[in-house]
Enquirer: 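Okay, here's the structure, questions in a sec.
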Amino acid sequence: MFDVNQIAVIGTGYVGLVSGACLSEFGLKVVCMDVDESKINCLKRGIIPIYEPGLEEIVVRNEKSGRLSFTTDIGEAVEHATVVFIAVGTPPQEDGSADLKYVLEAARSIAKCMNGYKIIVDKSTVPVGTGRKVKAVIREVLRERGVDYDFDVVSNPEFLREGSAVNDFMHPDRIVIGTQSNKARKTMRSVYRVLYINNHPFVFTNVETAEVIKYASNAFLATKITFINEIANLCEAVGANVQQVSNAIGLDKRIGKYFLHAGPGYGGSCFPKDTKALVNTGKEFGVEMSLIDSVINANDLHKLKMVDKITAALGDVEGKTIAVLGLSFKPETDDVREAPSSTIVHELHRRGAHIRAYDPAAMENAARFAFSDLPIAYAQDEYDCVAGAHAVVLVTEWNQFRSLDLEQMKSTMAAPYFFDFRNIYERRDVEEKGFAYFGVGR
Ligand code: NAD
Ligand code: UGA
């Protein structure tokens, strides 16, 4: 019954699917479960519902070998597993706090079909105290069922990034395991033995500390980005170059060079929601998180500042066509959740601009979710996108936008304005082709 090689993953989204697929690649037998039937049906046919480099290959290979399977039946997933991961969403509520209904519902469903000792591992990003809530829910259901199985609840937050999720899971900077049970700690080390053998750092803590580590990490990264964006605004005003500032300060090992790229503001399914949830947790415990609160406000303002920059250069955007290159919140993903493109496009539309947009992977999600309320013209490629436009606005730094044929673009545009919100072009190169160039902080 106690087989650490049998894993269940409840919730087969970005984190659940990547974790499940990578654990099966480590040689474990993994059953991924989701309540979304269409998602599971796709996966059973070898169709990957998200754009994530390297994932399809691993899913298909391990599905064929029988190590990875998919189901909507939670009983089937939990029955043979000792370790059950919860990887469902924790979306923001109106007040910014994390909505725990999916996590607690998953815990309830697991408890309903528990048939012996299990380790329930929370991989979703959850506010401190959730481990205790999960434990209480499971106890309650077991009591209702009249059974008395032993179980442990572990917090094992995930630090992967979309777009490099497989690599991040396989080569993590650290694996955080929050539990006070020796049995659970030993089992978790065994689940991750491939990483343990390869000397990836393991951090063992209690559940609460592990929960805080996840939010503290995301809030720190969001702060770093917001800090450099604020410096970028200053650089622009005084004629300095933020990229050189960022390179130079990053050489100080205490600061570090990563996450110091100025841009249009951070987005995605995590930083925006997790910073808000952290402030909310602070409120709940009577702790004012004024720094993180400022980061959230500064980031919101920074995104709007991008639109001011376009408006100031063009005089007015009313009736003008703006070509937007890149809609996903970052390259190599089709995820548009809280993408800076969404704020920028909505605000441009509000100011009367017509929008043409192109993204290599995210147009379907953009049309369904981020811009379902807007009349956007979706283009076939980057050149089709800019034809007839009064300005091109590069919002996401997809590789294919790094070597655009600027001459060809200019020849079809109504006006030569180039807004490079990811600083991927040299001003001189773009100006040489006859464009007016606007970066961020230089
Ligand atoms: P997601 O929305 O892509 O996937 C969540 C999945 O859970 C969905 O497929 C949904 O159908 C399923 N689900 C909901 N309730 C369920 C239930 N009761 N039983 C079974 N399945 C259920 O979410 P995601 O991006 O994978 O994020 C999951 C969690 O991981 C969040 O807490 C997030 O903050 C955290 N996280 C995300 C990332 C990331 O890059 N996306 C990275 C680290 C951590
Ligand atoms: C982020 C964290 O990096 C992961 O460690 C974490 O697991 C994840 O959130 C999560 O908790 O879900 P992700 O949101 O996928 O990952 O992507 P990032 O690469 O962190 O980018 C987030 C946003 O910051 C993007 O909009 C990106 O363009 C922006 N960014 C990033 C910058 O503007 N500048 C930078 O230097 C880096």
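Atoms within each ligand, like the ligands themselves, are counted from 1 in listed order.
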Enquirer: Select the closest option to atom 28 (O) of ligand 2 among Glu397, Glu338, Arg422, judged by heavy-atom distance.
Expert: Arg422
Enquirer: Give the residue and atom name of whichever protein heavy atom lies nearest to atom 17 (C) of ligand 1, and the separation in Å to one decimal.
Expert: Val35 CG1, 3.8 Å
Enquirer: Below 4.0 angstrom from a heavy atom of Ser269, which ligand 1 atoms are there? Numbered from 1 as shown, please.
Expert: 41 (N)
Enquirer: Which residue holds the protein heavy atom closest to atom 13 (N) of ligand 1, what is that atom called, and what is the gap in Å?
Expert: Val88 CG1, 3.6 Å
Enquirer: Under 3.5 Å, N or O to N or O, is Asp34 touching ligand 1 that way?
Expert: yes
Enquirer: Using a 4.0 Å cut-off to any heavy atom of Lys273, which atoms of ligand 1 qualify?
Expert: 33 (C), 34 (O)
Enquirer: Could you tell me, atom by atom, which parts of ligand 1 come under 4.0 Å of a heavy atom of Thr90?
Expert: 31 (C), 32 (O), 34 (O)
Enquirer: Which residue, Phe26, Phe204, Phe202, forms the ring pair (Phe, Tyr, Trp, His ring centres under 6.0 Å) with Tyr196?
Expert: Phe202
Enquirer: Could you give me the CA-CA distance, side-chain angles and deciding distance for Phe371 and His349, then say whether ring-ring contact (aromatic ring centres under 6.0 Å, His included) is met?
Expert: CA-CA 11 Å; Phe371 307 126; His349 174 75; 10.0 Å; no
Enquirer: Identify the closest protein heavy atom to atom 35 (C) of ligand 1: which residue and atom is it, and at what distance?
Expert: Thr125 OG1, 3.3 Å
Enquirer: For atom 20 (O) of ligand 2, find the nearest protein heavy atom and state the residue, atom name and distance (0.1 Å precision).
Expert: Phe259 CZ, 3.2 Å
Enquirer: At less than 4.0 angstrom from any non-hydrogen atom of Glu162, what atoms of ligand 2 do you find?
Expert: 15 (O)
Enquirer: To which protein heavy atom is atom 27 (O) of ligand 1 closest, and what is the distance rounded to 0.1 Å?
Expert: Val15 CG2, 4.2 Å
Enquirer: Return yes when Glu37 approaches ligand 1 closer than 4.0 angstrom through a heavy atom, no otherwise.
Expert: no
Enquirer: Find all atoms of ligand 2 within a distance of less than 4.0 Å from any non-hydrogen atom belonging to Lys330, and give their numbers and elements.
Expert: 17 (O), 18 (P), 19 (O)
Enquirer: At the 4.0 Å heavy-atom cut-off, does Arg161 count as touching ligand 1?
Expert: no
Enquirer: Of Leu43, Ile40, Val9, which meets side-chain contact (heavy atoms from CB on, under 4.5 Å) against Asp34?
Expert: Ile40
Enquirer: Starting from atom 42 (C) of ligand 1, find the nearest protein heavy-atom neighbour and note its residue, name and distance.
Expert: Leu160 O, 3.5 Å
Enquirer: Judged on heavy-atom distance to atom 5 (C) of ligand 1, which of Ala277, Ala98, Ala77, Gly89 sits nearest?
Expert: Gly89
Enquirer: Hey, is Ala87 one of the residues with a heavy atom under 4.0 angstrom from ligand 1?
Expert: yes
